[in-house]
Amino acid sequence: MDPKIWLSSPHMGGKELHYIHDAFDANWVAPLGPNVNGFEADIAAFLNANVQIAALSSGTAALHLALIECGVGYGDEVICQSMTFSASANPIAYQGATPVFVDSEPETWNICPKALRKAIVDRIAKGKKPKAIVAVHLYGMPFRVDEVLAVADEFAIPLIEDAAEALGSTYKGKACGTFGRFGVLSFNGNKIITTSGGGALVCRTQADKEKAVFLATQARDEAPHYQHSHIGYNYRMSNICAGIGRGQMEVLGDRVQARRAMYDFYKTFFKDIVGVTVLTEPSADYYANHWLSAIVMDPEKVGRTREDLRLAFLADNIESRPLWKPMHMQPVFADAPYYGENVAQELFANGLCLPSGSNLTETERERITTVLQRFFQ
Ligand SMILES: *Cc1c(COP(=O)(O)O)cnc(C)c1O
C-alpha cells in the first residue's frame with residue numbers, strides 16, 4: 001500500500017535545530033530563556049499589531065488563562081461557538097462555569113451574530129449576563145469579526161478570539177488573533193506551524209501579559225521563599241519548544257501560501273461538480289490561511305455521502321475527517337444551553353476536511369486527484 005497521506009502533518013523549515021542547539025549550548029533547557037523571548041517577539045512582529053505575546057504550553061492553556069483574566073469563575077456562564085474543537089469549551093468547565101453554545105452561520109461556518117445576540121438577551125433575561133464570548137476562526141476562516149464585535153460591545157462582554165487554527169489569516173487586512181480582548185494561538189503538531197505542542201496568548205496590554213505569565217509560572221509572589229496568594233498553573237512554554245517555534249516563524253509565510261495552494265487545488269477540482277461546496281471566503285474582507293480545506297456534500301445531488309468519500313480516501317491510505325462535531329451534540333455537554341438552529345449540525349452531517357498539508361508532494365496530489373476522479377465520475 002502507498003504511504004499514508006495525512007490531513008495535516010508537521011513541516012519543518014530547517015532552522016529549528018539551530019535554535020535548539022543554541023538552547024543546549026547556553027544550557028537554557030527550561031521553561032524560559034532566549035528562544036521563548038525571541039519567539040514571542042517574532043509572533044508579535046508577524047501579527048503586526050500593538051499586542052503582547054505570552055508563549056504557553058498549549059492553546060488550551062491560553063484559553064484557560066484568558067477566561068481567568070476575564071474574571072470567569074464558578075457558576076458563571078460563557079458563550080461559546082458550538083461548532084469547534086472541544087478545547088474551545090473545556091476550559092470554561094475547568095473554571096466551574098457553564099458553556100452556552102451558539103450555532104454557526106452558513107458562509108464562514110463560524111458563530112452566527114444573530115444567534116449570538118439572541119443568546120445573550122435570553123441569558124440576561126434568565127438572570128445571568130455571560131462573562132465572556134469564545135468565537136472561533138474555524139479551519140482558518142475568519143468569523144464575522146465586525147458583527148461579532150458589535151454584539152460583544154453592545155453588551156460590554158469581552159471577546160476571546162480562538163485563533164488556534166488561524167495564524168496567518170486576516171480580516172480587513174488585520175491579523176486574526178488581534179481583535180478580541182484576548183487572542184489564542186496553538187502550535188500543536190497538526191497546526192499550520194508547530195512547536196511539537198504549544199500555544200500563545202495574545203494580549204492587548206503589558207499588564208495582561210504579565211498576569212498571564214505570573215499565573216502560568218505557579219503564581220509566585222515576590223519573595224525569597226515560595227509565597228502564594230493565587231492559584232497558579234504550570235503553563236509556560238519550554239525554551240526547547242520555543243526554538244522549534246522560532247525556526248517555524250521563518251517559514252510561516254510560505255506555509256500560508258502552500259495551504260492556500262491546496263485550497264486552490266480543491267477549488268479547481270470541484271468547480272464543475274454539482275452538490276459540493278468548498279469553504280471559501282465570503283468577500284475580499286476575508287483572507288483565510290486555509291489551514292484545512294473542507295467541503296460540504298449534498299448527498300441528494302451527489303448520490304453518495306461524505307462518509308462514502310472518507311472511506312474511498314481511506315482505501316487508498318489517505319486521511320480525511322468529518323468536520324468538528326458541534327459541542328451541543330456532545331454527550332459531555334448534553335446539559336449545556338444551546339441557541340440556534342441546525343446549521344452546525346448539518347455541516348457536521350455533510351462536511352469533510354481534506355488532506356491540506358503544506359508538505360504534500362505532486363505525487364500525493366495526484367493520488368488525491370485519482371480518488372476524487374473515481375468518486376465523482
Ligand atoms: C488546536 C485547537 C485548540 C487547542 O490548542 P492546543 O494547543 O491543542 O491545546 C483550541 N481551539 C481550536 C479551534 C483548535 O483547533
Side-chain angles (χ1 to χ4, degrees), residues 6-10 31 39 43 53-68 78-95 99 101-102 104 108-111 132-143 148 159-169 176-177 179-180 182-202 212 216 233-238 241-242 244-245 248 255 259 279 288-294 321-328 330 332-333 344 347-348 351 353 356-357:
W6 300 98
L7 202 59
S8 176
S9 71
F39 185 41
I43 297 168
I53 308 299
L56 301 170
S57 54
S58 70
T60 310
L63 274 153
H64 191 193
L65 294 183
L67 292 166
I68 294 171
V78 174
I79 302 240
C80 184
Q81 180 168 321
S82 182
M83 184 148 171
T84 186
F85 180 42
S86 64
S88 307
N90 283 336
I92 299 168
Y94 300 168
Q95 285 305 98
F101 292 114
V102 171
S104 291
T108 66
W109 301 0
N110 292 313
I111 196 163
I133 299 164
V134 178
V136 190
H137 305 292
L138 224 51
Y139 307 121
M141 181 60 66
F143 57 75
V148 170
L159 175 68
I160 298 172
E161 198 188 342
D162 183 343
E165 303 177 358
L167 184 59
S169 300
C176 288
F179 296 104
F182 290 99
V184 168
L185 302 175
S186 168
F187 312 109
N188 202 352
N190 58 349
K191 297 288 162 43
I192 191 156
I193 61 165
T194 183
T195 58
S196 71
L201 187 64
V202 182
Y233 303 87
N234 184 3
Y235 278 173
R236 199 65 164 127
M237 178 178 280
S238 99
C241 292
I244 305 175
Q248 289 272 278
R255 298 297 179 262
R259 298 268 175 170
L279 175 62
N289 67 7
H290 289 289
W291 168 58
L292 294 187
S293 292
R321 193 175 296 159
L323 304 191
W324 299 121
K325 181 173 179 177
M327 290 302 116
H328 74 278
Q330 299 285 359
V332 70
F333 292 122
L347 287 168
F348 170 63
C353 296
S356 305

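Each ligand, and each atom within it, is numbered from 1 in the order the structure gives.
Set against the non-hydrogen atoms of Phe85, the atoms of ligand 1 under 4.0 Å away are 2 (C), 3 (C), 14 (C). Of all atoms in ligand 1, listed by their number and element, those nearer than 4.0 Å to a heavy atom of Val136 are 13 (C). Close approach of ligand 1 to Gly198 is summarised as follows: ligand atoms under 4.0 Å from at least one heavy atom of the residue are 7 (O). Every atom of ligand 1 is numbered from 1 in the order shown, and the set under 4.0 Å from a heavy atom of Ala164 is 2 (C), 3 (C), 10 (C), 11 (N), 12 (C), 14 (C). The ligand atoms of ligand 1 that sit less than 4.0 angstrom from a heavy atom of Ser58 are 7 (O), 9 (O). Residue-ligand proximity, Ala87 to ligand 1, at heavy-atom distances under 4.0 Å covers atoms 3 (C), 4 (C), 10 (C). Atoms of ligand 1 lying under 4.0 Å from at least one heavy atom of Ser88, given by number and element, are 11 (N), 13 (C).
The shortest N or O to N or O distance between Lys191 and ligand 1 is under 3.5 Å. Here's the thing with Trp291: none of its N/O atoms is less than 3.5 angstrom from an N/O atom of ligand 1. Annotation: Gly59 places an N or O atom under 3.5 Å from an N or O atom of ligand 1; distance criterion only.
Remark: aromatic rings of Phe143 and Phe179 are distant, center separation not under 6.0 Å.
Contact annotation: for Thr84 versus ligand 1, heavy atoms closer than 4.0 Å belong to the side chain alone. When heavy-atom distances to ligand 1 are checked against a 4.0 Å cut-off, Leu138 has no atom that comes that close, whether in backbone or side chain.
Of the possible donor and acceptor atoms, none in the side chain of Ser57 sits under 3.5 Å from a partner among the backbone N and O of Gly198. One N or O on the side chain of Asn110 and one on the backbone of Thr108 form a donor-acceptor pair closer than 3.5 Å. For the pair Ser82 (side chain) and Met327 (backbone), a donor-acceptor distance under 3.5 Å is present. Within the 3.5 Å criterion, the main-chain N or O of Thr195 finds no donor-acceptor partner in the side chain of Gln248. Here the side chain of Ser8 pairs a donor or acceptor atom with the backbone of Asn190 at under 3.5 angstrom.
When only non-hydrogen protein atoms are considered, atom 11 (N) of ligand 1 lies nearest to Asp162 OD2, 2.7 Å. Among all non-hydrogen protein atoms, the one lying nearest atom 8 (O) of ligand 1 is Asn188 ND2, 3.1 Å. Scanning all protein heavy atoms for the shortest distance to atom 15 (O) of ligand 1 gives Glu165 OE2, 2.5 Å. Given atom 5 (O) of ligand 1, the protein heavy atom at minimum distance is Ser186 OG, 3.2 Å. Closest protein heavy atom to atom 9 (O) of ligand 1: Thr60 OG1, 2.5 Å.
Trp291 and Tyr139 have parallel rings, their planes meeting at less than 30° on a 0 to 90° scale where 60° marks the start of perpendicular. Between Phe101 and Phe333, the ring planes are perpendicular. Angles over 60° get that label, and only those under 30° would be called parallel.
Shortest non-hydrogen contact noted between Arg236 and Ala55 is NH1-O, 2.9 Å.
Two residues are said to be in side-chain contact when any heavy atoms from C-beta on lie closer than 4.5 Å; Phe187 and Ile244 fail this criterion.
Of the candidates Val134, Leu65, Val202, Leu63, Val184 forms a side chain to side chain contact (heavy atoms under 4.5 Å, CB included) with just one, namely Leu63.
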